[in-house]
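Below is one structure, written out as structure tokens; comments come after it.
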Amino acid sequence: MIDNESELPKAYDAKQNEKKWYDYWLANGYFTPKIDKSKKPFVLIQPPPNITGDLHLGHALTATLEDIMVRYHRMLGEPTLWLPGTDHAGIAAQVVVERALAKEGKTRQEIGREAFMKRMWEWVGNCRSHIANQHTRLGVSYDNTRAAFTLDPGPSLAVRTTFKHLYDKGLIYKGERITNWCPRCTTALSDLEVDHMDEKGKLWYIRYPFADDPSKFITVATTRPETILGDTGVAVNPEDERYKDVIGKELILPLVGRRIPIVADDVVGIDFGTGAVKTTPAHDPNDFEIGQRHNLPIINIFDEHACINENGGAYKGLSREDARIKIVKDLEDQGYLTKIEDHVHAVGHCQRCRTTIEPQVSSQWFVKIQPLAEPAIEAVKSGEITIVPERFTKVYLNWMENIRDWCISRQLWWGHRIPVWYCDDCKHMTCSIETPTECEACHSTHIHQDDDVLDTWFSSGLWPHSTLGWPNKTEDFEYFYPTSVMETAYDILFFWVARMIMMGIENTGKVPFHHVYLHGLIRDEKGEKMSKTKGNVIDPLVVINEYGADALRFSVISGITPGNDSKLGKTKIEAGRNFANKLYNAVRFVLRYTDENSTTAIDSSKLTLEDKWILSRLNKTTREMNQMLQDFQFGEAVRCIHDFIWGEICDWYIEIAKVRLNSNDANSPLPVLLTVIEQSLRLLHPIMPFITEELWQSIKKAANLTDTPSSVMITEYPQWNEAWDYSEDEEKMDTLTEIVRVLRNVRSEYDVDINKVIGATIYCGDLASTFTHYSKAVSVLAKADVSFEEKRNEETPGQAIVEVLPNAEIIIPMAKLFDLEAQLAKLNKELTEAVNEQARLEKHLKDESFLSRAPKQVIDKEQARLDAVLEKQEKLRDHIKSLEK
RNA sequence: GGGCGGUUAGCUCAGUUGGUUAGAGCACCUGCUUUACACGCAGGGGGUCAUAGGUUCGAGUCCUAUACCGCCCACCA
């Protein structure tokens, strides 16, 4: 805390007290909500970061946005719960540990399941504490006493309960289907976990001879010649004239010799390739469908690593890539290959390891999802759940309405084991929440659990209720569920948000949250996605160490809008640091004038023009801040408070206040100054918690605020105060600042020596009596010796600069003014502009359609402009006449 | 093949129910070691709001096309 201004460094040192304040908040239990059933809580469940390593800037953005909401609602007096957690992250985490093992020259298979799990848990321990530490540095005010991990007993029970429930309901089933297989991860994946990318490939044209007449043949076109080993048919469109006569005939599969039928299927396009498609049901989703419809055999030709298996005969053991080369060569040598074309097509890649996906038929578990999707669609359509920004509603609905069954089994070790046991004797499947000891059908004790684990997103989908205690009816679940806001990145709308809505409604009968706020991705200064391989990642901790957490928080949210990506570079971070420094110095300045009698108590009868102005501006800023924070407009909110503190408090109020402070005026500006700063610190606190706490504590002490709470984070968030609405005084003040600007401008434009005081007479009607009190202030602000008069009762001196403002005329005599012509030219130009403006306004105000349709206030505004422009003309003419003499 | 977003000052971006004179930060130019702050102060230049139409008294804001950039979804071998 700042005790003595004179001892303080000129630059704010962000690092110094961040930890101290975080520990202070934690020690006082401010982050843990008190359940008060008479109040509606504000609840936000943190999207659990993956335990895959360091947090990146995306996490910093997430944490900042959420902390802003949480701190804001807490200050509104709502019991506020922000529940943190971490995700075991299935494949992603397993890959990380496997890589570490690989460095030791080991594989998970070599060390075995048990030892591998031990390694995983060790990793979890380190990673979780690291992530928590990083969050702490950011200033997150989450309730760590409720921190959850997806593999914890609570969430695990929720997973088993949900599985059993859906299994019993027939919504979870096991089946032989074609799924996306990653040969590196050796597991099935859901459709969402496959990224499709266009790749330059080739289209090979291959002849398939007829069985009854090998001199004739059908030519097929394929992007994957190696799958010929698994072909069990050739499909053509039933409407294709070229092939109508051969449907039902058999072909001899080149290199293999198998007889395969020609079948007719509508999905085959007549225009593409040759119109004849080699059909490999085991390795192509389309072909699988065709195969199902025509009872084609499924011949799997790849092992789990996508190498040719025993079904590939001579090619056994070759990788996909090698097999392709060899098969193409053999086809060519044997005269089957007729043509090769370049061809660009989409190829699926494993989201985690980028390996090309191999579609494979295998036995997997699926969720029959459509019945779950229906209420989830309705929840959004009805507005029970709103999505910000709104455009994602359409994206959500479109996906949900075309949803396909979800493959939930993974051939991994790391994750929730599928709660199904197989009887070794009667083969019966027992699905159970509790681990069974015997087969539920034949009571044999020879049972073994399914080897597979669940898709990591299965447990994520339960997160809002599983973290609050469900399936148990805990006090937390009863009070905090459904939650208020789900804040996350738009790229996991389907992965996570959609599934939470479906699972939440299915399990609890209630939506899991009422608002979804989607933020964009943070890119580097060039707009590129940050990635370790590109080396363009910015580590939040590095930024915090150099610039402070507040500067980082400021930088990640300034200028952002919901759902839009943003770029982050050094300049933005510096802007945040500079703002913190500015605020720090403003407070440092104020503190030098405080003493044991200092107070924020304002005597409204003593308020000066600038006092009323700044209070009125504070009041409007307060209203705006509340509005923007409610409306999720965080980028606008930070701009708003930044501009108020810097552009109004620092640039004007403090500068003007200096006059009274330095002259020991009996009517001190200090109570207003302290009030405005104290309130501003509250307004800013959700965004920049550390510096505001630091400075607020200093103000609290200096202003003897003994009755206020022990931390700014538990003060009330400021609200609109009718008593501080001084709109008229704001206008007067605007005229005064405009006068100062004109004087400064003249000084600068006419190269007035820095030390020379210029003189000026200002005619400003009724305002003169008020403004006269500001002669001193103006002289300080603009180095000008001014006198304010009501009316101009003398002619403009021959050599003077004249400025005509709406409510004031400024006359600056220039003894050495050498260019009267230029001055006249300037005034004449202004006059011409004013005349043009008059014409425009008069025309507008005569327009019947405008008068009849525009709202009154718009018309009044135009009329006022016309009046002003006429008045300005008159004054300008008068001045020009005087000068011309 | 559908869908979405972007196109505003040199750069990065705001601009939420349409209101006539479009803002900020950074960069740039000029002048300031003025006892809160050079992480600063004062002043200044810079935009026909991508293009073409339309609706409207009034369009950066609404509608329709077009162009370029980016993203998402989709089983065309």
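Here is how names work: the chains are called A, B, and so on, in the same order as the sequence lines, proteins then strands, and each is numbered from 1.
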Would you say a side-chain N or O of Lys572(A) is under 4.0 Å from OP1 or OP2 of G25(B)?
no
For G15(B) and Arg639(A) - does any side-chain N or O of the residue sit under 4.0 Å from the phosphate oxygens OP1/OP2?
no
C39(B) base / Arg577(A) side chain donor-acceptor hit below 3.5 Å
yes
Go through G25(B), C41(B), A36(B) for me and flag the one nearest to the His642(A) side chain.
G25(B)
Rounded distance in Å - CG (Leu661(A)) to C1' (U35(B))
14 Å
Euclidean distance for P, G5(B) against U64(B) (whole angstrom):
11 Å
Inter-nucleotide C1' distance (C28(B), U12(B)), Å rounded
16 Å
Give a yes/no on whether any side-chain N or O of Trp646(A) is located under 4.0 angstrom from OP1 or OP2 of C41(B).
yes
In terms of ring plane angle, is the pair Phe554(A) and Phe579(A) parallel, tilted or perpendicular, where the classes change at 30° and 60°?
tilted
Between A24(B) and Glu636(A), counting only base atoms on the nucleotide and side-chain atoms on the residue, is there a donor-acceptor pair under 3.5 Å?
no
For the side chain of Pro855(A), counting heavy atoms from C-beta on, which of G19(B), C57(B), A14(B) is nearest?
G19(B)
Taking only N and O in the side chain of Lys394(A), is any of them less than 4.0 Å away from OP1 or OP2 of G3(B)?
no
Rounding to a whole Å, what distance do you find between Asp287(A):CG and C75(B):C1'?
9 Å
Kindly point out which of G40(B), A74(B), U20(B) is positioned nearest to the side chain of Lys861(A)?
U20(B)
Can you tell me if Asp284(A) uses its side chain to pair, donor with acceptor, with the backbone of Asp287(A) under 3.5 Å?
yes
So, is Ser748(A) near the phosphate of A42(B), with a side-chain N or O under 4.0 Å from OP1 or OP2?
no
What is the pairing partner of U34(B), taking Watson-Crick or G-U wobble pairs with both distances under 3.5 Å in any strand?
none
Tell me which of Val590(A) and Pro562(A) sits closer to the 5' end of RNA chain B, going by the nucleotide each one is nearest to.
Pro562(A)
Look through every strand shown and name the nucleotide pairing with C71(B) as Watson-Crick or G-U wobble, where both distances are under 3.5 Å.
G3(B)
What is the distance from CZ of Phe494(A) to C1' of C71(B), rounded to the nearest Å?
12 Å
Output the single nucleotide from C57(B), A36(B), G43(B) whose closest atom is nearest the side chain of Ser849(A).
C57(B)
Return the nearest nucleotide to the side chain of Glu862(A); candidates are U20(B), A14(B), U35(B).
U20(B)
Are Tyr490(A) and Tyr517(A), when compared by the centres of their aromatic rings, separated by less than 6.0 Å?
no
Quickly work out the Ile641(A) CD1 to G25(B) P distance and round it to whole Å.
16 Å
Nucleotide nearest Phe850(A) when distance is taken to its side chain, options C76(B), A14(B), G19(B):
G19(B)
With a non-hydrogen cut-off below 4.0 angstrom, is His345(A) in contact with a base, only sugar-phosphate, or nothing?
sugar-phosphate
Rounded off to whole Å, could you give me the CZ-to-C1' distance for the Phe589(A) and U35(B) pair?
10 Å
Distance, C1' atom - from G18(B) to G58(B), rounded to whole angstrom:
8 Å
What contact category does Asp631(A) fall into here, base, sugar-phosphate, or nothing, at under 4.0 angstrom with non-hydrogen atoms?
nothing
Lys567(A) NZ to G25(B) C1', straight-line distance once rounded to whole Å
15 Å
Examine the base of A36(B) for any acceptor or donor lying under 3.5 Å from a partner atom in the side chain of Lys10(A), and report the outcome as yes or no.
no
Rounded to whole Å, CZ of Arg741(A) lies from C1' of G43(B) at a distance of 11 Å
Do Thr227(A) and Lys278(A) pair up side chain to side chain, a donor and an acceptor below 3.5 Å, judged on atom types alone?
yes
For the C1' atoms, the ones on G10(B) and on G45(B), what distance do you get once it is rounded to whole angstrom?
12 Å
When you check the phosphate oxygens OP1 and OP2 of G40(B), does a side-chain N or O of Asn578(A) lie under 4.0 Å from one of them?
yes
Test for a donor-acceptor pair under 3.5 Å between the base of C39(B) and the side chain of Lys582(A), counting only N and O atoms.
no
For nucleotides U34(B) and A42(B), find the distance between their C1' atoms and express it as a whole number of Å.
11 Å
Strictly by modelled atom types, are Asp191(A) and Asn180(A) linked by a side-chain donor-acceptor pair under 3.5 Å?
yes
Centroid-to-centroid, Phe632(A) to His519(A), below 6.0 Å?
no
note: Glu574(A), atom CD; A24(B), atom C1'; distance rounded to Å ~ 17 Å
Whether Arg224(A) contacts A77(B) is assessed here as follows: a side-chain N or O lying under 4.0 Å from the phosphate OP1 or OP2. Is that the case?
no
Taking the same atom, C1', in A24(B) and in A9(B), what whole-Å distance lies between them?
11 Å
P atom, C68(B) versus A27(B): distance in rounded Å?
35 Å
From the list C39(B), C32(B), G5(B), which nucleotide is the closest neighbour of the side chain of Asn564(A)?
G5(B)
Donor-acceptor under 3.5 Å (Asp195(A) side chain, Gln351(A) main chain):
no
What integer number of Å spans the C1' atoms of C49(B) and A22(B)?
8 Å
